Number of protein chains: 2
Amino acid sequence: MAEQLFLGDYQNLFNLFDNIYPLKDEIKSAIIANSEVIEVAKKTKLLSVDERSNTIYFIIKGAARIFYLDKEGKETNTWILFENQLLISVYSFYTGNPSFEYIETLEHCQLIAVKREKLDELYLNFMEFNFSGRKLTEFYHMRNEIQANELRMLSAKERYQNLLERNPQLFQRVSLGHIASYLGISQETLSRIRKQK
Amino acid sequence: MAEQLFLGDYQNLFNLFDNIYPLKDEIKSAIIANSEVIEVAKKTKLLSVDERSNTIYFIIKGAARIFYLDKEGKETNTWILFENQLLISVYSFYTGNPSFEYIETLEHCQLIAVKREKLDELYLNFMEFNFSGRKLTEFYHMRNEIQANELRMLSAKERYQNLLERNPQLFQRVSLGHIASYLGISQETLSRIRKQK
DNA sequence: GCTGGCTTTTGACAAAAGTCAAAAAACTAT
DNA sequence: ATAGTTTTTTGACTTTTGTCAAAAGCCAGC
């Protein structure tokens with residue numbers, strides 16, 4: 001009988017993949033061998049502006065945000081991410097160019113970290129792993145498209161109501177200031193919207 | 001000596017792929033066998049709201065837009081696409097769910113059309129084709145992320161100046177009304193921005 | 001060269017959201 | 001519990017962008 005691979009912290013990541021296309025144990029072992037599980041404190045910067053991102057993270061436990069600073073130095077959050085999501089500065093990780101955004105933990109986090117060279121090796125050594133990678137990228141691509149469309153087509157209030165409905169846990173774990181910024185509105189406007197109804 | 005594959009209309013599509021990861025002739029043949037080259041007139045709808053998108057297009061010649069209707073029935077363009085770009089309603093094509101947006105040609109177009117079932121077959125039959133598919137998806141994903149960030153961080157005027165600088169050809173081929181809509185502003189606002197400087 | 005559409009511009013006004021400053025409320029750590 | 005920090009709310013005012021309506025400009029086809 002085949003020996004059972006010890007998955008531990010990788011359980012959820014592999015579930016994610018297996019739901020797309022069952023991953024061979026060989027690939028799972030290679031993923032484990034080519035990544036590491038790290039713990040980082042709240043408010044740790046995982047990436048800063050002008051650095052080149054060379055790591056993709058999977059959030060086992062915790063929360064993080066991606067944000068940039070505008071011309072006046074004000075922070076704007078573009079993503080807020082939780083358990084079982086990938087944490088990546090898309091532009092810098094894919095292109096290798098210096099980042100225009102920051103990645104910062106919002107809570108104490110447990111993460112799986114994979115370096116780009118290792119990931120590239122995995123993709124080259126296991127061609128069928130690209131099937132999973134493609135599907136996952138398609139999913140994140142779609143999520144972005146939806147986000148961009150909502151920024152265009154919905155008013156501040158509608159975006160708030162949408163988020164509240166679809167992601168109520170967010171409001172338990174993240175300050176309204178961060179949420180306002182993620183919604184693309186000022187904190188004061190969010191406060192007024194919430195009072196209204 | 002190996003027989004030279006006749007590429008014809010597929011030349012540019014294959015160049016795109018070859019720049020990512022050289023495609024075997026076997027795959028190229030399969031792509032040709034599983035797609036078709038079509039001509040469509042200006043203002044043709046390739047996808048309408050509530051239809052399920054089952055085709056991805058590569059633009060050989062021409063231009064097209066993707067847009068949705070807001071609550072008041074006003075059109076908003078989310079993408080304007082030209083030669084050598086992929087034309088797809090990301091949400092509907094990836095999920096198979098009914099579309100919330102339209103795809104419409106802006107000019108007479110020559111397109112390569114691939115049905116989803118055929119594309120899925122190609123991905124399953126040629127695992128290394130997923131390598132190319134993944135990279136291409138990553139590229140489009142990145143482009144979306146940039147678009148969403150610009151919608152957040154730049155003012156109407158800055159978005160206009162950016163677009164003018166990076167995509168001047170757009171202004172030759174597409175009406176200002178369509179461009180304003182793509183920039184997420186009203187036609188009148190665009191007109192005023194243009195007058196200013 | 002004129003006619004009948006589109007497209008673009010202009011003006012007056014309205015709406016949505018932002019800014020600044022201060023108060024109130026909610027947490028945190030000692 | 002309390003002092004100190006951070007977060008959230010409130011009020012007054014400003015800025016940006018949108019809306020509506022009309023005029024002007026442009027272009028295709030007869």
Side-chain angles (χ1 to χ4, degrees), chain A residues 41-44 63 65 67-78 80 104-108 148-164 168-197, chain B residues 41-44 63 65 67-78 80 104-108 148 150-164 168 170-197:
Chain A
K42 186 174 169 163
K43 293 211 177 186
T44 303
R65 67 184 178 124
F67 69 98
Y68 63 81
L69 297 181
D70 69 16
K71 294 163 289 289
E72 287 87 35
K74 207 193 68 213
E75 298 182 355
T76 298
N77 297 322
T78 54
I80 298 179
E104 190 186 83
T105 54
L106 288 168
E107 302 175 357
H108 179 98
N149 284 346
E150 292 195 349
L151 281 172
R152 283 175 192 280
M153 68 197 286
L154 303 182
S155 67
K157 186 173 180 177
E158 291 168 317
R159 293 204 298 280
Y160 164 71
Q161 288 169 336
N162 242 282
L163 189 64
L164 187 59
Q169 40 128 20
L170 190 72
F171 292 80
Q172 308 309 119
R173 289 173 72 174
V174 176
S175 78
L176 291 173
H178 280 317
I179 292 172
S181 159
Y182 175 65
L183 286 168
I185 59 182
S186 71
Q187 175 156 205
E188 294 93 328
T189 298
L190 178 57
S191 176
R192 287 175 182 120
I193 287 169
R194 282 164 62 82
K195 203 175 58 165
Q196 270 179 55
K197 228 198 82 198
Chain B
K42 187 172 171 163
K43 294 212 178 184
T44 304
R65 66 181 178 127
F67 69 98
Y68 63 81
L69 297 181
D70 69 16
K71 295 163 289 288
E72 288 86 37
K74 206 193 71 213
E75 297 182 356
T76 298
N77 296 322
T78 54
I80 298 178
E104 189 186 83
T105 54
L106 288 168
E107 301 175 357
H108 180 98
E150 292 195 348
L151 281 173
R152 283 175 190 281
M153 66 197 286
L154 304 181
S155 66
K157 187 174 179 179
E158 290 169 317
R159 293 204 298 279
Y160 165 71
Q161 288 170 336
N162 243 282
L163 188 66
L164 187 59
L170 190 72
F171 292 81
Q172 309 310 119
R173 288 174 72 172
V174 177
S175 79
L176 290 175
H178 280 316
I179 291 172
S181 159
Y182 175 65
L183 286 168
I185 59 183
S186 70
Q187 175 155 207
E188 294 92 329
T189 297
L190 179 58
S191 175
R192 286 175 183 121
I193 287 170
R194 282 164 63 83
K195 203 174 59 164
Q196 268 179 57
K197 226 198 80 182

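Residue numbers start from 1 in every chain, and the chains themselves are labelled A, B, ... in the order their sequence lines are given, proteins ahead of strands. All values below were derived from every heavy atom in this structure, side-chain atoms included, with hydrogens, water molecules and symmetry-related copies excluded. Just so it is clear, the model here is predicted, and its values are computed rather than measured.
Ion pairing between B/E107 and B/R65 fails under the 4.0 Å rule for side-chain N and carboxylate O.
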Protein-nucleotides 20-28 of chain D N/O pairs under 3.5 Å:
unit_1	atom_1	unit_2	atom_2	d
D/dC20	N4	B/E188	OE2	3.0

Protein N or O to nucleotides 24-30 of chain C N or O, pairs below 3.5 Å:
none

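Under the salt bridge (charged side-chain N to carboxylate O under 4.0 Å, His left out) criterion, A/K71 pairs with B/E158, not counting sequence neighbours. Among residues two or more places apart in sequence or in another chain, the salt bridge (charged side-chain N to carboxylate O under 4.0 Å, His left out) test is passed with B/R152 by none.
Rounded to an integer number of Å, the gap from A/Y160 OH to C/dA17 C1' is 17 Å. A straight line from CD of B/E158 to C1' of D/dT16 spans 12 Å, rounded to a whole angstrom. We find that CE of A/M153 is positioned 19 Å from C1' of D/dT17, with the value rounded to whole Å. Taking atom CD of A/Q187 as the reference point, atom C1' of C/dA17 lies 15 Å away to the nearest angstrom. Across the protein-nucleic acid pair, A/K43 atom NZ and D/dT5 atom P stand 14 Å apart, rounded to whole Å. Atom CZ of A/R152 is separated from atom P of D/dG18 by 12 Å (rounded to the nearest Å). When rounded to the nearest whole Å, the span between CD of B/E75 and C1' of C/dC6 equals 14 Å. Here the C1' atom of nucleotide C/dT19 and the NZ atom of A/K74 are 10 Å apart, to the nearest Å.
Formation of a donor-acceptor pair under 3.5 Å by the A/T105 side chain with backbone atoms of A/K43 is found in this model. In terms of modelled atom types and a separation under 3.5 Å, the side chain of B/T76 and the main chain of B/Y68 share no donor-acceptor contact. Under the 3.5 Å distance criterion, the side-chain polar atoms of A/S186 are matched with a main-chain donor or acceptor of A/T189.
Here salt bridge (Lys or Arg N to Asp or Glu O under 4.0 Å) pairs that include residues 178-190 of chain A, with residues two or more places apart or in two chains, number zero.
Between B/I80 and B/H178 the shortest heavy-atom distance is CD1-O, 4.0 Å.
Between the CD1 atom in A/I185 and the CG atom in A/L190 there is a gap of 4.5 Å [rounded to 0.5 Å].
Between A/I193 and A/Q161 there is no side-chain heavy-atom pair separated by less than 4.5 Å.
For the segment residues 172-185 of chain A, the set of residues with a heavy atom within less than 4.0 Å of an atom of DNA chain C comprises A/G184, A/I185, in numerical order.
Checked against the 6.0 Å centroid threshold, B/Y160 and B/F171 count as a close aromatic pair.
For C/dG18, one of the phosphate oxygens OP1 or OP2 lies less than 4.0 angstrom from a side-chain nitrogen or oxygen of A/T189. Taking only side-chain nitrogens and oxygens, B/K195 comes nearer than 4.0 Å to OP1 or OP2 of C/dT10.
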